[in-house]
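What follows is one structure encoded as structure tokens, with my remarks underneath.
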Amino acid sequence: MAKLTKEEIVASLKEMTLLEINDLVKAIETEFGVSAAAPVAAAAGPAKTEAPTSVTLTLTDAGAQKVAAIKVFREVTGVGLMEAKQAVDKAPAKVKEGLKPEEAEEIKKKFEAIGAKVKIDAE
């Protein structure tokens, strides 16, 4: 059997129906033990394998219990009453930067317990 060129193969594919091409692809997959499907990991892009070591915690909404949010903000940051009130009033406000993810989760739980909303961003 004579070896076909790429151009000859493409020309013959142009004459085939989609059903015939589908059958051809299945036959090639079976014969050579390959798959025509694109790898999912490659399509998604490079995977980030490292977890962040440092995060920022931001108060996005004080919720209905503003006084409680001010108390938690003061407890966590150690700032005075006026600074805490101003930060809570102008939310979104950074609570702390350079936190370990575990520590940020603990603080997040304190805010969420009173109905406030916070977000954690990797640095």
Side-chain angles (χ1 to χ4, degrees):
M1 176 178 207
K3 186 174 180 181
L4 298 173
T5 65
K6 286 184 255 181
E7 292 80 18
E8 292 172 330
I9 294 172
V10 171
S12 66
L13 287 173
K14 287 180 181 178
E15 296 174 11
M16 297 174 116
T17 66
L18 287 177
L19 188 57
E20 291 171 327
I21 293 173
N22 186 40
D23 290 340
L24 175 62
V25 169
K26 287 180 183 178
I28 292 171
E29 288 177 335
T30 303
E31 180 69 26
F32 298 106
V34 295
S35 174
V40 176
K48 192 171 186 178
T49 56
E50 286 186 28
T53 57
S54 182
V55 297
T56 299
L57 185 74
T58 306
L59 175 68
T60 57
D61 182 16
Q65 300 182 38
K66 219 175 223 184
V67 173
I70 293 169
K71 287 180 181 179
V72 173
F73 195 95
R74 286 187 68 203
E75 173 192 335
V76 169
T77 61
V79 298
L81 179 61
M82 288 305 294
E83 291 96 346
K85 182 181 181 315
Q86 288 172 348
V88 169
D89 285 342
K90 71 168 188 162
K94 286 185 182 174
V95 179
K96 273 192 161 184
E97 295 177 299
L99 292 169
K100 292 181 180 176
E102 302 81 24
E103 184 181 0
E105 283 295 330
E106 290 300 316
I107 296 171
K108 181 179 178 180
K109 288 177 186 176
K110 289 180 182 181
F111 277 105
E112 289 178 341
I114 60 162
K117 293 180 183 169
V118 295
K119 70 175 183 172
I120 300 173
D121 294 315
E123 291 183 348

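Under the 4.5 Å side-chain contact rule for hydrophobic residues, Val25 and Phe32 share a cluster. Note: the hydrophobic cluster containing Val72 does not contain Met82 (ILVMFWY, side chain heavy atoms under 4.5 Å, direct or indirect links).
Between Pro92 and Thr58, the shortest heavy-atom contact is CB-CG2, 4.1 Å. Taking all atoms of both residues into account, the shortest heavy-atom contact from Ala116 to Leu59 is CB-CD1, 4.0 Å. Looking at every heavy atom in both residues, Ala87 comes nearest to Phe73 through CB-CZ, 3.5 Å. Closest heavy-atom contact between Ala84 and Arg74: CB-CG, 3.2 Å. In plain terms, the two heavy atoms of Leu57 and Ala104 that are nearest each other are CD1-O, 4.0 Å. For the pair Lys96 and Glu103, the tightest heavy-atom approach, listed with the atom from each and the gap, is NZ-OE2, 4.3 Å.
Between the Thr60 side chain and the Lys117 main chain, a donor and an acceptor come within less than 3.5 Å of each other.
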Carefully, step by step, assess Glu102 and Glu105 under the rule side-chain contact (heavy atoms from CB on, under 4.5 Å). CA-CA 5 Å; Glu102 302 81 24; Glu105 283 295 330; 5.8 Å; no

Taking it one step at a time, do Lys6 and Ile9 satisfy side-chain contact (heavy atoms from CB on, under 4.5 Å)? CA-CA 5 Å; Lys6 286 184 255 181; Ile9 294 172; 5.7 Å; no

Mind running side-chain contact (heavy atoms from CB on, under 4.5 Å) on Leu13 and Leu24 for me, showing each step along the way? CA-CA 10 Å; Leu13 287 173; Leu24 175 62; 3.7 Å; yes

Go through the steps to decide whether Asp89 and Lys66 satisfy the test side-chain contact (heavy atoms from CB on, under 4.5 Å), and finish with yes or no. CA-CA 8 Å; Asp89 285 342; Lys66 219 175 223 184; 3.4 Å; yes

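Interatomic distance, OG1 of Thr56 versus CD1 of Ile120, reported as 10.0 Å (0.5 Å rounding). Taken to the nearest 0.5 Å, the CD atom of Glu15 stands 11.0 Å off from the CD1 atom of Ile21. In this structure, NZ on Lys26 lies 13.0 Å from CD1 on Ile28, to the nearest 0.5 angstrom. Interatomic distance, Asp23 CG to Leu19 CG, rounded to the nearest 0.5 Å: 5.0 Å.
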